[in-house]
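Predicted model, so just to flag it, every value in this text is computed and none were measured. No hydrogens, no waters, no symmetry mates; every other heavy atom, side chains included, goes into these values.
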Protein chains: 2
Amino acid sequence: MPETSAVPGDELDLGTVLRALADPHRRAVVIELAADRTDGERACHSFNLPVSKQTRTHHFRTLCDAGLLCEVDYGNKKGVRLRRAAIDRRFPGLLDLLAAEFTRSAR
Amino acid sequence: MPETSAVPGDELDLGTVLRALADPHRRAVVIELAADRTDGERACHSFNLPVSKQTRTHHFRTLCDAGLLCEVDYGNKKGVRLRRAAIDRRFPGLLDLLAAEFTRSAR
DNA sequence: ACCGAGGTACGATTCAAGTCGTACCTACGG
DNA sequence: CCGTAGGTACGACTTGAATCGTACCTCGGT
């Protein structure tokens, strides 16, 4: 199984994306972002992830490498934004699916 | 992360499904089935998986546990069928997404 | 100038998952 | 009736991934 590493530049790879979404914490982040139709920038620390800082860094790194997020570095803190356009173009329906999961979890 | 184990009886769990689809071999199986709109029964050994028999058993077991497939045991050999209705009901758009990946890989 | 909060780097640990070897079972065909 | 092919059970090995400890960096506020 070659399963070449992600190329966030242009092409999203399904395997990489699914592996990224397979983790509950990362999935929670993407689901939250997918549910917010304003697509505002969010601070990394604003997600309520029950893990240490280092692990959080690791997860956001993974999500960016998969091409699902883009980051803005302010030196001090960091912001993330969902790459909705790219994802919708490559995987139409995926974000709707995840957003639906947000509604579901709220119930 | 509780991430309770799958209950194939009724409810499909997103985490379990994504973890099942994260593996290239399992994903290949589901993609092939999703692309075939006739939804015919397929023999397990008819998929060209480059792994041993034991591993193949393991993968099909995982897919069934995730609720993506149902199996028919003929004693001698085994058939699988995509649980399209259940998947479409719980995750509308998911199978279309995977079927699109089949077309893509053919190119 | 200092301190605290957010973030990263590197290394170590731990655990899940994919994989296969060996052994055994079940049918079907000659 | 036996061989062969598909499948399962159990156990062992290996790798990848999640996690955290320690140390260090970058700002903003006081």
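- Of all nucleotides listed (C/dG7, C/dC20, C/dA17), C/dG7 comes nearest to the side chain of A/C44.
- Here the P atom of nucleotide D/dA18 and the CG atom of A/L49 are 13 Å apart, to the nearest Å.
- Crowding of A/D73 atom CG: a count of heavy atoms from other residues, nucleotides or ligands under 6.0 Å exceeding 12.
- In terms of the ring-ring contact (aromatic ring centres under 6.0 Å, His included) criterion, residue partners of A/F60 (sequence neighbours excluded) are, by chain and number, A/F47.
- No donor-acceptor contact under 3.5 Å links the side chain of B/Q54 to the base of D/dG7.
- Take B/S52 and apply the side-chain contact (heavy atoms from CB on, under 4.5 Å) test, not counting sequence neighbours, and it matches B/Q54, B/T55.
- Counting atom types as modelled, A/K77 pairs no side-chain N or O with a base atom of C/dG7 as donor and acceptor under 3.5 Å.
- The distance between atom NE2 of B/H45 and atom P of D/dG7, rounded to the nearest whole Å, is 6 Å.
- The backbone N or O of A/G67 sits less than 3.5 Å from a side-chain atom of A/R83, completing a donor-acceptor pair.
- Of the two residues contacting DNA chain C, namely A/E71 and B/R26, the nearest-nucleotide position lying further toward the 5' end is that of A/E71.
- Where A/T62 and B/T57 meet DNA chain D, the nucleotide closest to each residue was compared, and B/T57 sits on the side nearer the 5' end.
- Note on B/R56: only backbone sugar-phosphate atoms sit closer than 4.0 angstrom, heavy atoms only; bases stay farther off.
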| Which letter, B, S or -, goes with each nucleotide of nucleotides 25-30 of chain D from 5' to 3', with contact meaning a protein heavy atom under 4.0 Å? | -BBS--
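- Contacts of B/L97 classified as side-chain contact (heavy atoms from CB on, under 4.5 Å), with partners at least two apart in sequence or in another chain: A/L14, A/F91, A/L94.
- Distance CZ (A/R61) to C1' (C/dC10): 14 Å, rounded to an integer number of Å.
- When the salt bridge (Lys or Arg N to Asp or Glu O under 4.0 Å) test is applied to A/R26, no partner is found at least two apart in sequence or on another chain.
- Checking the phosphate oxygens (OP1, OP2) of C/dT19, no side-chain nitrogen or oxygen of B/T55 falls inside 4.0 Å.
- Across all strands, B/D73 comes closer than 4.0 Å to no nucleic acid atom at all (heavy-atom distances).
- In terms of position along DNA chain D, the nucleotide closest to B/A43 lies nearer the 5' end than the nucleotide closest to the other residue of the pair A/D23 and B/A43.
- Sorted by first and then second residue, the pairs that involve residues 49-64 of chain B and meet salt bridge (charged side-chain N to carboxylate O under 4.0 Å, His left out), not counting sequence neighbours, are B/R61-B/D65.
- B/H58 comes within contact range of at least one nucleobase, with a heavy-atom separation under 4.0 Å.
- Using a 4.0 Å cut-off, no side-chain N or O of A/H59 falls inside it from OP1 or OP2 of D/dA17.
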